[in-house]
2 protein chains.
Amino acid sequence: MVLWMIGLGLGDEGDISVKGLKAVQRSAYVYLEAYTSILPGLDRETLAAAYGVSEIIEADRELVESGCEEMLDRAKDNEVSFLVVGDPLCATTHTDLWLRARQKDIAVQVLHNASVMNAVASCGLQLYRFGETVSIPYWLDDWRPDSWYDKIMKNKKAGLHTLCLLDIKVKEQTVENLMRGRKIYEPPRFMTVKQALDQLCKVEEDRQEGVAPPDACCFGLARLGREDQVIRAGPVHKIAELDFGGPLHSLVICAEELHELEQEFVDFYA
Amino acid sequence: MVLWMIGLGLGDEGDISVKGLKAVQRSAYVYLEAYTSILPGLDRETLAAAYGVSEIIEADRELVESGCEEMLDRAKDNEVSFLVVGDPLCATTHTDLWLRARQKDIAVQVLHNASVMNAVASCGLQLYRFGETVSIPYWLDDWRPDSWYDKIMKNKKAGLHTLCLLDIKVKEQTVENLMRGRKIYEPPRFMTVKQALDQLCKVEEDRQEGVAPPDACCFGLARLGREDQVIRAGPVHKIAELDFGGPLHSLVICAEELHELEQEFVDFYA
């Protein structure tokens with residue numbers, strides 16, 4: 001029949017589209033992708049109640065990375081909905097899923113929705129002036145990647161802003177539990193603006209290439225697209241001191257030159 | 001009271017969010033922004049009927065560029081909805097409107113939705129690998145800007161894809177009608193993939209800098225996010241020969257190196 005890949009947007013259960021809600025209600029099986037992103041405070045039960053369906057199945061990391069075979073099989077003879085926070089194709093795993101479904105001759109309908117990639121326009125920086133998006137991962141004691149620093153630099157040299165997506169650890173296992181095959185998961189962690197800026201400042205201190213001197217202008221963003229979203233602009237050292245509250249957080253490192261309207265937004269959010 | 005800025009997404013009347021539809025139905029006045037983008041085939045009457053409201057007011061170029069004063073005044077004491085195709089903050093005019101509303105102490109609620117900036121993920125290229133977005137304007141006899149060529153080049157050198165937004169001319173006046181103050185408008189025009197590639201190839205011929213040699217890989221996209229969307233990938237000279245049908249069209253110039261999954265999509269859409 002058909003696999004619906006439905007974006008839930010960024011806010012709450014009311015951000016699904018009218019068309020998406022109808023598809024969910026018609027579907028024999030409804031899956032919620034639950035590891036690349038989350039809608040904080042919204043679990044499967046709440047969504048199921050809001051959408052008026054009896055059950056939503058969790059598509060966790062294992063299920064998605066192992067290829068969602070069960071879901072694809074079901075979509076051959078049923079309407080099946082696959083719910084994704086944000087836009088359904090913004091993550092690589094989901095474009096991969098789309099392609100495999102099509103290669104199996106399963107009809108796929110994609111219902112796009114807002115993602116952080118366009119909702120970041122809320123901060124007032126012009127969307128077309130963003131360069132490559134970077135992901136800042138949590139550092140480990142012996143693994144401190146900083147290739148994202150070079151990318152921010154490259155964007156800066158080209159006069160572009162950088163959207164930094166901050167790490168999310170959901171359903172992670174300790175090495176020990178992984179080795180022993182124990183399905184015990186660590187509590188979820190979501191990188192904060194402060195943690196991201198701390199890592200950025202450490203790289204800046206080491207390399208001194210001027211990506212983020214203390215007075216460089218940046219935006220801290222929290223819960224973008226939700227009613228309680230928080231946006232603050234200012235120099236790195238000030239933004240790093242602020243408490244942005246619960247997840248999800250993101251960060252924008254501004255280009256050095258700002259357009260007049262962009263500068264007005266920086267002043268507004270200072 | 002409140003100004004709702006509501007994204008309609010890219011498809012049809014069913015792509016408004018559940019929350020957005022409720023806001024529209026509660027609003028005393030509903031405006032439709034009708035000059036930076038359109039939902040082909042969807043006019044105010046169709047939307048009003050689908051949303052169950054008695055009237056939708058057209059916010060045309062004059063109204064929006066003159067500052068939407070009437071709308072903002074009304075939002076002081078009423079719930080007012082401002083409908084925008086795609087995401088409500090993706091265009092500069094709308095971030096400007098948001099800021100002026102806030103400066104007048106009017107409460108504003110933004111309901112994000114899909115825009116071409118994230119729906120372009122449909123083509124299978126990774127969204128984080130896009131550089132600066134460019135706009136390709138219609139050339140006039142005596143005005144043939146090509147700064148977008150430099151930007152595509154800059155992205156290419158950085159190993160990034162480029163999304164090219166193609167020109168839209170809605171409610172344009174001839175110079176004569178403009179001078180005489182006659183509100184007579186030209187028929188709307190929407191740049192096609194073919195027209196964009198023709199302009200690109202002319203610049204390439206002149207400048208020979210290698211942004212788009214005939215075998216460079218690109219994607220032509222039409223009606224993205226709609227059920228009748230068309231996506232085709234291939235070398236510039238082939239894509240330029242295809243008829244993509246009705247508006248809106250966009251174009252993606254690929255980075256030289258493609259990831260494995262991206263290459264699979266190019267093959268799929270060839």
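Per chain, numbering begins at 1; letters A, B, ... match sequence-line order.
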Legend entry - Which portion of A:Glu13 sits near chain B, non-hydrogen atoms under 4.5 angstrom: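 A:Glu13 has no heavy atom closer than 4.5 Å to chain B.
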
Inset, instruction - Can you tell which part of A:Tyr51 gets under 4.5 Å to a heavy atom of chain B, answering side chain, backbone, both or neither? - result: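 Neither the backbone nor the side chain of A:Tyr51 comes within 4.5 Å of chain B.
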
When only pairs under 4.5 Å are counted, which of [options] shares the most heavy-atom pairs with chain B?
options: A:Leu224, A:Val134, A:Leu21, A:Asp15; value: A:Asp15
options: A:Leu10, A:Asp96, A:Val110, A:Val120; value: A:Asp96
options: A:Leu127, A:Leu89, A:Asn113; value: A:Asn113

Legend entry - Side-chain heavy atoms of B:Ser17 within contact of A:Ile16, under 4.5 Å: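 Heavy-atom side-chain distance check fails, nothing below 4.5 Å.
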
Legend entry - Student check: side-chain heavy atoms of B:Phe268 and A:Arg102 closer than 4.5 Å: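 Yes, at least one pair of side-chain atoms sits under 4.5 Å.
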
Inset, instruction - Provide the closest heavy-atom pair for B:Gly225 versus A:His112 in the form atom of the first, atom of the second, distance. - result: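 Scanning both residues completely, I find the closest heavy atoms to be CA-CD2, 4.0 Å.
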
Legend entry - A:Thr95 to B:Ala121 - nearest heavy-atom pair and separation: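 Heavy atoms only, the tightest pair is CG2-O, 3.9 Å.
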
Legend entry - Worked verdict on A:Asp12 versus B:Lys19 for side chain to side chain contact (heavy atoms under 4.5 Å, CB included): CA-CA 9 Å; A:Asp12 55 36; B:Lys19 201 191 289 176; 3.2 Å; yes

Legend entry - Residues from residues 153-168 of chain B approaching chain A under 4.5 Å (heavy atoms):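 So the qualifying residues are B:Lys154, B:Ala158, B:Leu160.
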
Legend entry - Rounded distance (nearest 0.5 Å) linking atom CH2 of B:Trp98 with atom CG of A:Leu261: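 Atom-to-atom, B:Trp98:CH2 and A:Leu261:CG are 11.0 Å apart.
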
Inset, instruction - Calculate, to the nearest 0.5 Å, the distance between atoms CG and OH belonging to B:Leu99 and A:Tyr269 respectively. - result: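 These two atoms lie 8.5 Å from each other.
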
Legend entry - A:Glu257, CD: over 12 other non-hydrogen atoms inside 6.0 angstrom: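 Open: at most 12 neighbouring heavy atoms sit under 6.0 Å from CD of A:Glu257.
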
Legend entry - chain A interface, residue from B:Lys22, B:Met117, B:Gln126, B:Gln103 that has the most non-hydrogen pairs under 4.5 Å: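 Most pairs with chain A among the choices: B:Gln126.
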
Legend entry - chain A contacts, top residue of B:Pro88, B:Ser122, B:Ala91 (heavy-atom pairs, under 4.5 Å):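 Counting heavy-atom pairs under 4.5 Å, the top option is B:Ser122.
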
Legend entry - Portion of B:Glu262 that has a non-hydrogen atom of chain A nearer than 4.5 angstrom: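 No part of it gets close to chain A.
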
